Amino acid sequence: QVQLVESGGGLVQAGGSLRLSCAYSGSIFRINTMGWYRQAPGKQRELVAGITPAGSTNYADSVKGRFTISRDNAKNTVYLQMNNLKPEDTAVYYCNAKPFFTSWGQGTQVTVSS
């Protein structure tokens, strides 16, 4: 079974913070780079942050300095700490491998009000 379960989204005011979690099953996710993706209404899904099995990270310019990706390989979990949130961060957030696996989880909704 290959599975991805995202959680931690919600409604927050601009400037606030959220911590997203992604629990995964399947060896493909343990041995690959993992990423957080997001999709806003009318927009294509985009990569927000990535992390290698060893912990090296990279970020989209739009979130650099505000978001932090991390992973706990022993717990099969990837996290995304989101600080100083902006209305333009509003989207459904997904986790997946990078390059992404063909199946996606349900995602978790993040809504940032002004």
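Being a predicted model, the structure only gives us computed values, none of them experimental.
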Just verifying a value: how many Å separate Thr102 OG1 and Asn96 CG, rounded to the nearest 0.5 Å?
8.5 Å
Does a side-chain heavy-atom distance below 4.5 Å link Thr90 with Gln109?
yes
State plainly whether the residues Asp89 and Lys86 are in salt-bridge range, i.e. N to O under 4.0 Å.
no
Within the structure provided, determine whether Thr77 and Cys22 are in side-chain contact (heavy-atom separation under 4.5 Å).
no
Kindly compute the distance separating CZ (Arg30) from OG (Ser25), expressed to the nearest 0.5 Å.
10.5 Å
Within 6.0 Å of CD in Glu46, more than 12 heavy atoms from elsewhere:
yes
Spacing of CZ belonging to Arg66 relative to OG belonging to Ser17, to within rounding of 0.5 Å:
10.0 Å
Closest non-hydrogen atoms of Glu6 and Gln106, given as atom of the first, atom of the second and distance, are OE1-N, 3.6 Å
List the atom of Ser62, the atom of Arg38, and the distance in Å for their closest heavy-atom pair.
OG-NH2, 3.5 Å
Compare every heavy atom of Ala14 with every heavy atom of Pro87, then report the nearest pair and how far apart it is.
CD-CB, 4.2 Å
How long is the gap from CG on Leu47 to NZ on Lys98, to the nearest 0.5 Å?
6.0 Å
Whether over 12 other heavy atoms sit under 6.0 Å from Glu88 CD:
yes
When clusters are formed from ILVMFWY side-chain contacts under 4.5 Å, directly or step by step, what else is grouped with Leu4?
Val2, Val12, Leu18, Leu20, Tyr24, Ile28, Phe29, Met34, Trp36, Val48, Ile51, Tyr59, Val63, Phe67, Ile69, Val78, Leu80, Met82, Leu85, Tyr93, Phe101, Val110, Val112
Could you check whether Arg71 makes a cation-pi contact with Tyr79, meaning its NZ or CZ is under 6.0 Å from the centre of the six-membered ring and within 45° of the ring axis?
no
Can you measure from OH (Tyr94) to CH2 (Trp104) and round to the nearest 0.5 angstrom?
8.5 Å
